[in-house]
Amino acid sequence: EPEVTQTPSHQVTQMGQEVILRCVPISNHLYFYWYRQILGQKVEFLVSFYNNEISEKSEIFDDQFSVERPDGSNFTLKIRSTKLEDSAMYFCASRPDRSSPLHFGNGTRLTVT
Amino acid sequence: QKEVEQNSGPLSVPEGAIASLNCTYSDRVSQSFFWYRQYSGKSPELIMSIYSNGDKEDGRFTAQLNKASQYVSLLIRDSQPSDSATYLCAVNKGNNFNKFYFGSGTKLNVKP
């Protein structure tokens with residue numbers, strides 16, 4: 001069964017550094033999402049992406065965040081200058097159409113020291 | 001008011017019992033409803049989708065939707081210790097499909 005693939009599984013970075021989290025959505029999916037989950041808390045929406053542009057973003061998704069689909073297969077989340085509070089599990093998800101459920105990747109655990 | 005509300009639990013049931021998980025949502029135009037299971041440290045895993053009023057059964061799982069009362073529930077029959085996890089209710093609005101809202105989850109403990 002096709003899967004959403006995320007790399008790396010764990011990323012440790014120092015405060016102020018830039019990080020790029022990578023995702024390969026399922027190939028025939030058209031809608032792409034990033035969520036984050038701080039340890040012990042709920043799954044929070046960050047951004048949705050469709051037709052090569054951001055469809056919606058949350059208040060969390062400020063100017064420090066950006067997303068890109070550079071080559072038709074990868075979908076990346078960049079954090080320009082990481083803060084301690086960015087430490088969380090980041091999940092990429094995709095779906096083929098607007099009413100289908102989301103399919104999640106295994107997540108990237110980001111630790112900012 | 002939160003978009004999706006769930007009792008955080010924990011909900012404890014003995015092995016073999018029925019576990020009942022509930023969820024309410026705030027926006028009447030919501031169209032699509034989902035239950036996910038999340039084990040600690042893992043990603044959410046889809047259990048059920050439900051789109052119309054009534055019951056939908058899949059194996060030991062039954063999802064129930066009541067749009068008039070704006071609630072969704074999940075019944076797990078013959079609960080097993082391996083069902084112990086956090087169950088997330090998710091709602092997709094009809095007029096804003098870009099956002100897919102999750103509840104905070106209900107932690108289920110199934111005791112052997």
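Just so you know, these numbers use all the heavy atoms, side chains as well, and skip hydrogens, waters and symmetry mates. The sequence lines fix the lettering, A, B, ..., with proteins before strands; numbering per chain opens at 1.
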Return the CZ to CD distance between F104(A) and Q38(B), rounded to the nearest 0.5 Å. 8.5 Å

For L84(A), is the CG atom crowded, meaning more than 12 foreign heavy atoms sit under 6.0 Å from it? yes

Main-chain N/O of G105(A) paired to S43(B) side chain as donor or acceptor, under 3.5 Å: yes

Would the number of heavy atoms belonging to other residues, nucleotides or ligands and lying under 6.0 Å from CG of N106(A) be above 12? no

Is S104(B) in contact with chain A via its backbone, its side chain, both, or neither, using a 4.5 Å heavy-atom distance? both

How long is the gap from CZ on R95(A) to CG on N92(B), to the nearest 0.5 Å? 4.0 Å

Do V91(B) and L21(B) sit in the same hydrophobic cluster, where Ile, Leu, Val, Met, Phe, Trp and Tyr count as joined when their side-chain heavy atoms come under 4.5 Å apart? yes

Of the backbone (N, CA, C, O) and the side chain (C-beta and beyond), which part of Y36(B) lies under 4.5 Å from a heavy atom of chain A, both, or neither? side chain

Quick check: does any side chain N or O of Y33(A) sit under 3.5 Å from a backbone N or O of F100(B), one acting as donor and the other as acceptor? no

Do L46(B) and F45(A) share a hydrophobic cluster, counting only Ile, Leu, Val, Met, Phe, Trp and Tyr and linking them when any side-chain heavy atoms are less than 4.5 Å apart? yes

Is there a path of hydrophobic side-chain contacts, each under 4.5 Å between heavy atoms, that joins I20(A) and V24(A)? no

Enter the distance from M89(A):CE to K42(B):NZ here, rounded to the nearest 0.5 Å. 8.0 Å

Does any heavy atom of chain B fall under 4.5 Å from the side chain of Y35(A), the backbone, both, or neither of them? side chain

For the hydrophobic clusters of this structure (ILVMFWY residues joined by side-chain heavy atoms under 4.5 Å, transitively), does one cluster hold both V47(A) and Y50(A)? no

Assigning hydrophobic clusters by single linkage (Ile, Leu, Val, Met, Phe, Trp, Tyr; side-chain heavy-atom cutoff under 4.5 Å), is L75(B) placed with I50(B)? no

Mind ranking P44(B), G105(B), S49(B), G103(B) by heavy-atom pairs under 4.5 Å with chain A and telling me who comes out on top? P44(B)

Roughly how far, to the nearest 0.5 Å, is the CG atom of L102(A) from the CZ atom of F34(B)? 7.5 Å

Does D71(A) have more than 12 heavy atoms from other residues, nucleotides or ligands lying within 6.0 Å of its CG? yes

Given a strict heavy-atom distance threshold of 4.5 Å, which part of S58(A) is in contact with chain B: side chain, backbone, both, or neither? neither

Heavy atoms only, distances under 4.5 angstrom: which of A93(A), G107(A), S100(A) has the most pairs with chain B? Name it, please. S100(A)

For atom NZ of K57(A), decide whether the heavy atoms of other residues, nucleotides or ligands shown that lie under 6.0 angstrom number more than 12. no

Given a strict heavy-atom distance threshold of 4.5 Å, which part of Q37(A) is in contact with chain B: side chain, backbone, both, or neither? side chain

